[in-house]
4 protein chains.
Amino acid sequence: MGRKEREFEQRKREILEAALRLFSQKGYKATSMREIAKESEFAVGTLYSFFPNKRRLYEEIVLEKAREISKRVTSVFDEGLDPLATLKRLVEVKIATLHAYSDFIRLYYSVLWEARFGVKETLSEGVLALYEEYLAKLERVFAEGVDKGIFKDRSPRFYSLAFEGMMNALIQESIHQGFQFSSEEAIELFLGSVLREDGP
Amino acid sequence: MGRKEREFEQRKREILEAALRLFSQKGYKATSMREIAKESEFAVGTLYSFFPNKRRLYEEIVLEKAREISKRVTSVFDEGLDPLATLKRLVEVKIATLHAYSDFIRLYYSVLWEARFGVKETLSEGVLALYEEYLAKLERVFAEGVDKGIFKDRSPRFYSLAFEGMMNALIQESIHQGFQFSSEEAIELFLGSVLREDGP
Amino acid sequence: MGRKEREFEQRKREILEAALRLFSQKGYKATSMREIAKESEFAVGTLYSFFPNKRRLYEEIVLEKAREISKRVTSVFDEGLDPLATLKRLVEVKIATLHAYSDFIRLYYSVLWEARFGVKETLSEGVLALYEEYLAKLERVFAEGVDKGIFKDRSPRFYSLAFEGMMNALIQESIHQGFQFSSEEAIELFLGSVLREDGP
Amino acid sequence: MGRKEREFEQRKREILEAALRLFSQKGYKATSMREIAKESEFAVGTLYSFFPNKRRLYEEIVLEKAREISKRVTSVFDEGLDPLATLKRLVEVKIATLHAYSDFIRLYYSVLWEARFGVKETLSEGVLALYEEYLAKLERVFAEGVDKGIFKDRSPRFYSLAFEGMMNALIQESIHQGFQFSSEEAIELFLGSVLREDGP
DNA sequence: TATGAATGAGTGTTCATTCAT
DNA sequence: AATGAATGAACACTCATTCAT
């Protein structure tokens, strides 16, 4: 990649970072191209030489970050661990990754939520695709666990949704409200149960 | 209530329903008063004789529905059940209620999410207040369960967040993606565990 | 005039008085039909059964009041006085009349001014006509005074405009700013001169 | 001042001139931003890149012109003339100046009138301040004339109001109705008297 | 006849997008 | 390639006017 290209990528990156800050704070509609231009120290017109329109700028940044998050989290599936260990590791990595992207989390979940549950004209089908991919891998882990007799015999999708719902709720609370919990607690809760086995 | 008043309420309801459809599909910012007027088959000016401005129209619709949902779900806490039975009942009622309000669910969670995790100047503090109230009652149930030795000794907040996260994820999926599950499965999962007790 | 007609006129009067208060305080554009309805304790629709539109309501009230003022002031010309006495009497009557209509004065001069100096689409040609009539009579007084050798030989229009300008300025100041002056002072100034005849 | 700046000023001037024509003909409220855009041959949005809102556009145009008029007229007070000569000169300069600004006169007097005699929330306090300043200087001239025994012993305010009222009425008539008069006539009338000293 | 709910054209203002420089 | 002035469609909201009751 020559200097030209490197500089081009560098400029694009600066725009994306500036846009991320603003979109994350104020949302898509409430952020204007003029503001992004000011924040990134480019002219409005310049933004349009990198992105065909506001929507694509938004989609691109969201997708890029989502890809980074996805990459980190999904890498767990390639570690060759057994289902139980995979889940444990997944919790750790999810916590670490989402905290690392805490500025973007608000935007991320909101996009994801819109994409999954059907807001018309959603801005990020790409993000949805990544998530579905992740979910599919997660389901495979649960399926394997069930096959191997480690997990009770329930639908892998059911397990996946429950796992994701629980973990995401805890992580969001920890990022936005400062609620503290460890990955051990979380995985124990999910795996263990809330019922004491030895009863009262 | 005379005919006039009844008609007034009827018209107001028609506007609110039309607005609900649009806000739910496209969000607050992306829905224009003109569209609401068209959808409700009133003139723009008429909207303003029922609501002082767009924001209040939005808040009114969201708060009304949220109150109805809250009322139904929270009523479970008044049934005088023990913690375990309360949780079971809660899952049933949540599923039934949220399905009954399926048009509104998208908007509901999105408002709640914005209110809890972000976005200054949220449009619905009332909704947040209702949810926090619910969460407080749920925590009390878990606290009681822990006290009585039914549940393992963990923070009630931790339990509540996990419970809510898991159930909401399952219910949302069932509403929007047609994923089917029973309340028994859900509560068993939460209470029971994913691990077989007799292991492999 | 039967009861019906009397009542009709009475209602019309109430509307006009209410409208006058509002137009006078806030101007034509800033006063809404709804406000006039509220102030007059009629429904908006009722206003339209007395006046075909807002503009005519405005014109009618302005014209009515202008006619009253005009009648009182113009009556001086019918008193059969000589030019000098007419001017003196005119000053007295103008002061008294305009003070009596002080609520309306702001509106009156503003309409007159617009009508005379050509704001397009002026709302009150009738008021202009009345004033021109008055001015014509005043010119005749000056013409007579010049003919009789009482006044220096200048154009009656010149005299009239100067007289009106001076008197109106003083009267407006007295009404709006509380500046006090007597009709004697005013007429002496106009007739006398500012120069001492015996010089320094 | 570079080409850019010059062009900026030129465009701003074109907008101001267009707005002046419209405000002058129809008044503030009755003139819409769209009309100003059309008249100035710019887009609506362009207007807002020169002025933050309609009101400021109005104030700017009014205040600018008022300042120019004020500057020219008030300069007479700095010529070091005696009271009598000052008044003579003032009449000449007022006539010349107001004729030079004849497009603006209608608006000028209307703003001045509103500011002096009425209307809360006037749009141009600056214009009023300029006029009060002028009036104060004029009063000082009359006070000096009285002190020196040139003028009869009357209140300077009284003299000033009468002078202004008379002259403005004449000048307005000459601008709007084509009535012709010379400064000599006007000042003679004011100073001299309408009464022949040698009577009939 | 009197009412006021309903209408929709019109308002001031914003902002994504274009394009001459 | 980069700029930002210019554009005009779109927005939330107002209000003179109409008309079913």
Side-chain angles (χ1 to χ4, degrees), chain A residues 4 7-8 11 28-38 41-58, chain B residues 3-4 7-8 11-12 15 28-38 40-58, chain C residues 4 7-8 11 28-38 41-58, chain D residues 3-4 7-8 11-12 15 28-38 40-58:
Chain A
K4 276 275 181 73
E7 279 179 14
F8 179 87
R11 289 195 222 295
Y28 177 74
K29 278 259 177 183
T31 301
S32 72
M33 291 301 272
R34 189 187 283 232
E35 282 172 303
I36 297 172
K38 195 163 225 174
E41 296 183 295
F42 284 96
V44 179
T46 309
L47 266 42
Y48 281 85
S49 67
F50 287 94
F51 308 93
N53 53 45
K54 184 185 174 185
R55 189 176 160 143
R56 286 283 284 276
L57 164 50
Y58 178 77
Chain B
R3 183 178 54 75
K4 277 277 181 65
E7 280 180 15
F8 178 88
R11 288 193 222 296
K12 191 165 174 176
I15 293 169
Y28 177 75
K29 281 250 182 182
T31 301
S32 75
M33 289 302 272
R34 201 182 277 236
E35 282 173 302
I36 298 172
K38 195 163 228 173
S40 63
E41 297 182 292
F42 285 97
V44 178
T46 308
L47 268 41
Y48 283 87
S49 69
F50 287 92
F51 307 94
N53 52 49
K54 185 184 174 186
R55 190 178 163 139
R56 285 280 285 273
L57 164 51
Y58 180 77
Chain C
K4 278 274 182 70
E7 279 179 15
F8 180 87
R11 289 195 223 293
Y28 177 75
K29 278 259 177 183
T31 301
S32 73
M33 290 302 271
R34 189 186 283 232
E35 281 173 304
I36 298 172
K38 193 163 226 175
E41 297 181 295
F42 284 96
V44 180
T46 309
L47 266 44
Y48 281 86
S49 68
F50 288 95
F51 308 94
N53 51 48
K54 184 183 174 187
R55 189 176 161 143
R56 285 283 284 277
L57 164 51
Y58 179 78
Chain D
R3 182 178 56 75
K4 276 277 180 67
E7 278 180 16
F8 178 89
R11 288 192 223 294
K12 190 165 175 177
I15 293 170
Y28 176 75
K29 281 248 182 183
T31 302
S32 74
M33 291 300 272
R34 268 195 207 356
E35 281 174 302
I36 298 172
K38 195 162 228 175
S40 63
E41 297 182 294
F42 285 97
V44 179
T46 309
L47 268 41
Y48 283 86
S49 67
F50 287 93
F51 307 93
N53 52 48
K54 184 184 175 187
R55 190 179 163 138
R56 285 280 285 275
L57 163 50
Y58 180 76

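Chain identifiers are assigned alphabetically (A, B, ...) following the order of the sequence lines, protein sequences preceding nucleic acid strands; residue numbering begins at 1 within each chain. What you are looking at is a predicted structure, and each value in this text was computed from that prediction instead of being measured.
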Quiz item: Tell me: CZ of B:Phe8 to C1' of E:dA6, nearest whole Å?
Solution: 13 Å
Self-check item: F:dT21 pairs with, by Watson-Crick or G-U criteria that keep both distances under 3.5 Å
Solution: E:dA2
Practice problem: Could you check which of F:dA16, E:dA2, F:dG8 has an atom nearest any side-chain atom of C:Ser49? | Solution: E:dA2
Quiz item: Touch check for B:Phe42, heavy atoms < 4.0 angstrom, all strands: base, sugar-phosphate only, or nothing?
Solution: sugar-phosphate
Quiz item: If each of C:Lys29 and B:Lys29 is mapped to the nucleotide of DNA chain F with the nearest heavy atom, which maps nearer the 5' terminus, i.e. the 5' end?
Solution: B:Lys29
Practice problem: Would you kindly give the NZ-to-P distance between B:Lys38 and E:dA6, to the nearest whole Å? | Solution: 20 Å
Quiz item: Are C:Tyr58 and C:Phe51 close enough that their ring centres sit under 6.0 Å apart?
Solution: no
Quiz item: Has D:Arg11 got a side-chain N or O lying under 4.0 Å from the OP1 or OP2 atom of F:dA6?
Solution: yes
Quiz item: From the list F:dT14, E:dT11, E:dT18, which nucleotide is the closest neighbour of the side chain of B:Val44?
Solution: F:dT14
Exercise. Would you please confirm or rule out a distance under 4.0 Å between OP1 or OP2 of E:dT3 and any side-chain N or O of C:Thr46?
Key: yes
Exercise. Look through every strand shown and name the nucleotide pairing with F:dC15 as Watson-Crick or G-U wobble, where both distances are under 3.5 Å.
Key: E:dG8
Quiz prompt | For atom CD of B:Glu41 and atom C1' of E:dT7, their distance in whole Å | solution = 15 Å
Quiz item: Rounded to the nearest Å, what distance is computed from the CD1 atom of residue A:Ile36 to the C1' atom of nucleotide E:dA16?
Solution: 11 Å
Quiz item: Is C:Phe51 touching bases, backbone alone, or none of the nucleic acid, heavy atoms closer than 4.0 Å?
Solution: nothing
Self-check item: Atom-pair distance (CD on D:Glu35; P on E:dT11), nearest Å
Solution: 7 Å
Quiz item: DNA chain E: B:Ala43 or D:Ala30, which has the more 5' nearest nucleotide?
Solution: B:Ala43
Exercise. Could you check A:Gly45 against B:Gly45 and say which one's nearest nucleotide on DNA chain E is further toward the 5' end?
Key: B:Gly45
Quiz item: What nucleotide among F:dT14, F:dC11, E:dT7 has an atom nearest to a side-chain atom of B:Tyr48?
Solution: F:dT14
Quiz prompt | Between C1' of E:dT13 and CG of D:Leu57, the distance in whole Å | solution = 13 Å
Quiz prompt | Proximity to the side chain of A:Met33 - top-ranked nucleotide from E:dT17, E:dC15, F:dC13 | solution = E:dT17
Self-check item: Within 45° cone of C:Tyr28 ring axis and under 6.0 Å: D:Lys29 NZ or CZ
Solution: no
Exercise. Given side chain to side chain contact (heavy atoms under 4.5 Å, CB included), test B:Asn53 with B:Met33 step by step and report yes or no.
Key: CA-CA 9 Å; B:Asn53 52 49; B:Met33 289 302 272; over 6 Å; no
Quiz item: More 5' along DNA chain F: A:Phe50 or A:Arg34, using each one's nearest nucleotide?
Solution: A:Phe50
Self-check item: Between CG on residue D:Leu57 and OG1 on residue D:Thr31, distance to nearest 0.5 Å
Solution: 10.0 Å
Exercise. Let me know the distance between CD of B:Glu7 and P of F:dA20, rounded to the nearest Å.
Key: 15 Å
Exercise. Please name the pair of heavy atoms, one in A:Leu47 and one in A:Ala37, separated by the smallest distance, quoted to 0.1 Å.
Key: CD2-N, 3.8 Å
Self-check item: Nearest-angstrom distance from the residue atom OH of D:Tyr58 to C1' of E:dT13
Solution: 20 Å
Quiz prompt | Nearest-nucleotide pick for D:Asn53, side chain only, options being F:dA12, E:dT13, F:dT7 | solution = E:dT13
Quiz item: Got a sec, which residues hit salt bridge (Lys or Arg N to Asp or Glu O under 4.0 Å) with D:Glu7, two or more places apart in sequence or on another chain?
Solution: D:Arg3, D:Arg11
